[in-house]
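Below is one structure, written out as structure tokens; the observations come after it.
We number each residue from 1, following the sequence as shown.
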Amino acid sequence: VPLLLQPTVCERELCVFAFQTLGVMNEAADEIATGAQVVDLLVSMCRSALESPRKVVIFEPYPSVVDPNDPQMLAFNPRKKNYDRVMKALDSITSIREMTQAPYLEIKKQMDKQDPLAHPLLQWVISSNRSHIVKLPVNRQLKFMHTPHQFLLLSSPPAKESNFRAAKKLFGSTFAFHGSHIENWHSILRNGLVVASNTRLQLHGAMYGSGIYLSPMSSISFGYSGMNKKQKVSAKDEPASSGKSSGVSQSQKKGHQSQFLQSRNLKCIALCEVITSPDLHKHGEIWVVPNTEHVCTRFFFVYEDGQVGDANINTQEGGIHKEILRVIGNQTATG
């Protein structure tokens, strides 16, 4: 199996930890294609950050990529940022991905022909991801989230996870949603959930002080992820003359499953486990956690064009809570 598409059993501590803790990947041999879906997701997030008017703040980290023609030089260099050049390489990855259903490794040649920096950028996008993301097999999905795109998302280093478990023994834990616009996830997957309050990253007023904002109610977190707003440009709105066909209709005509990347309008929401300590400040349905050690992402849900999640989910309802625990498996449930 080409390296890129093996189920992500990597040697990094975080991944090893993921397997031991959540035991979720006993079914990981599911299908190799899931690897491609995760890559699609990473590329989409990269694109969203890069298309954002806030890119200077949120397209972090910026890629470091060696020049294929001169190994002494960096073609992409965080000290000399060239957003347009990254965008051009990303466009090549995307357009080739839209033309073919072939696995990424088989289209390397096409990428090299179209843009010599496309494939090295793709490798950077994959290898710089610091989170462990695995497509959930259907039997581990949360049906009430109403999307087939469900992922296990672990982004805490083992040291943080063990602090989290110690705190959980003391105070217990529960689950809550974290909504953030798709453009922010490129950074979140690489830097973790950070307290954005009082930094340039802050987008919404920190109405209840600084901390990570969560909610037991899906509707509130969907609001933060922009679910209810129409995105400025979706593939459907692009004038046909721009030479970019959305690609969706064609692939659907051929009877292919539409690929992630063909939706330019992804929304996403994370489901986190949070320590129920006195530090967890509840302001009605908005919860604020000042201590980043007390929040760990567990699941990630992605919605494509027009797909809408159920706005009325409350993680504190017994049935919902129980289902989350079932899907996670008893390992984390019992701590």
Side-chain angles (χ1 to χ4, degrees), residues 6-30 34-42 44-46 61 125-142 145 147 149-169 173-180 182 184-195 212 214 221 225 268-275 289 291-302 315 321 323-335:
Q6 277 171 341
T8 41
V9 184
C10 75
E11 294 300 309
R12 286 214 314 267
E13 296 164 279
L14 178 57
C15 307
V16 175
F17 179 84
F19 290 98
Q20 287 166 354
T21 316
L22 291 164
V24 78
M25 293 327 291
N26 309 338
E27 307 98 13
D30 205 15
T34 55
Q37 267 212 351
V38 171
V39 178
D40 280 350
L41 184 59
L42 293 172
S44 299
M45 287 168 169
C46 183
V125 167
I126 294 164
S127 61
S128 62
N129 167 34
R130 283 276 152 269
S131 302
H132 185 66
I133 310 175
V134 182
K135 177 87 195 284
L136 284 169
V138 175
N139 63 332
R140 297 298 279 262
Q141 292 190 359
L142 293 166
M145 293 308 292
T147 170
H149 308 304
Q150 303 196 12
F151 301 86
L152 173 72
L153 170 63
L154 299 181
S155 54
S156 309
K160 177 179 165 181
E161 245 337 314
S162 64
N163 293 350
F164 183 87
R165 292 169 130 201
K168 180 169 162 172
K169 278 207 173 76
S173 70
T174 186
F175 295 91
F177 293 106
H178 176 77
S180 192
I182 177 95
N184 296 322
W185 285 97
H186 169 82
S187 170
I188 295 171
L189 294 180
R190 290 161 180 80
N191 302 319
L193 279 176
V194 296
V195 174
I212 293 173
L214 303 168
S221 295
S225 59
C268 41
I269 185 173
L271 181 59
C272 304
E273 189 173 1
V274 54
I275 301 295
V289 188
N291 181 354
T292 53
E293 296 268 302
H294 281 189
V295 181
C296 286
T297 50
R298 295 294 181 220
F299 296 106
F300 191 69
F301 306 95
V302 180
T315 59
H321 189 94
E323 176 64 1
I324 295 169
L325 292 181
R326 179 191 75 78
V327 165
I328 271 196
N330 297 330
Q331 292 91 330
T332 39
T334 54

(request) Just jot down the side-chain hydrogen bond (donor to acceptor under 3.5 Å, both in side chains) partners of S128, sequence neighbours excluded, or say none. (result) R190
(request) Would you confirm whether S173, through its side chain, and K168, through its main-chain N or O, come within 3.5 Å as a donor-acceptor pair? (result) no
(request) Please round to the nearest 0.5 Å and tell me the distance separating atom CG of L154 and atom CZ of F299. (result) 9.0 Å
(message) Rounded to the nearest 0.5 Å, what separates atom NE2 in H149 from atom CG in L136?
(response) 13.0 Å
(request) Calculate, to the nearest 0.5 Å, the distance between atoms OG1 and CG belonging to T292 and L193 respectively. (result) 9.0 Å
(message) Go through it in stages, so that I can follow the logic: the residues are V274 and T174, the test is side chain to side chain contact (heavy atoms under 4.5 Å, CB included), and I'd like the CA-CA distance, side-chain angles, deciding distance and then a yes or no.
(response) CA-CA 5 Å; V274 54; T174 186; 3.8 Å; yes
(request) Decide yes or no on side chain to side chain contact (heavy atoms under 4.5 Å, CB included) for K135 and Q141, but give the supporting numbers first. (result) CA-CA 9 Å; K135 177 87 195 284; Q141 292 190 359; 4.1 Å; yes
(request) Calculate, to the nearest 0.5 Å, the distance between atoms CG and CZ belonging to L271 and R298 respectively. (result) 10.0 Å
(message) Walk me through whether F151 and L41 qualify under side chain to side chain contact (heavy atoms under 4.5 Å, CB included).
(response) CA-CA 10 Å; F151 301 86; L41 184 59; 4.0 Å; yes
(request) Determine whether M45 and S187 make a side-chain contact, defined as any pair of heavy atoms from C-beta on separated by less than 4.5 Å. (result) no
(request) Using side-chain hydrogen bond (donor to acceptor under 3.5 Å, both in side chains) as the criterion, list what pairs up with S180, not counting sequence neighbours. (result) N184
(request) Nearest 0.5 Å please: distance from the CD atom of Q37 over to the CD1 atom of I133. (result) 11.5 Å
(request) Over 60° means perpendicular and under 30° means parallel, so classify the ring planes of H178 and W185, tilted if in between. (result) perpendicular
(request) For residues H321 and F175, determine if any side-chain heavy atom of one lies less than 4.5 Å from a side-chain heavy atom of the other. (result) yes
(request) Applying side-chain contact (heavy atoms from CB on, under 4.5 Å), name anything that partners E323, two or more places apart in sequence or on another chain. (result) L142, F144, R326, V327
(message) As a quick check of understanding, evaluate side chain to side chain contact (heavy atoms under 4.5 Å, CB included) for M145 and I269, giving each step before the final call.
(response) CA-CA 10 Å; M145 293 308 292; I269 185 173; 4.2 Å; yes
(message) Closer than 3.5 angstrom, by distance alone: can the side chain of T147 be matched with the main-chain N or O of F301 as a donor-acceptor pair?
(response) no
(message) For C296, is there any backbone N or O sitting under 3.5 Å from a side-chain donor or acceptor partner on K160?
(response) no
(message) So, taking the atom named CD1 in I275 and the one named CG in N291, what distance separates them when rounded to the nearest 0.5 Å?
(response) 9.0 Å
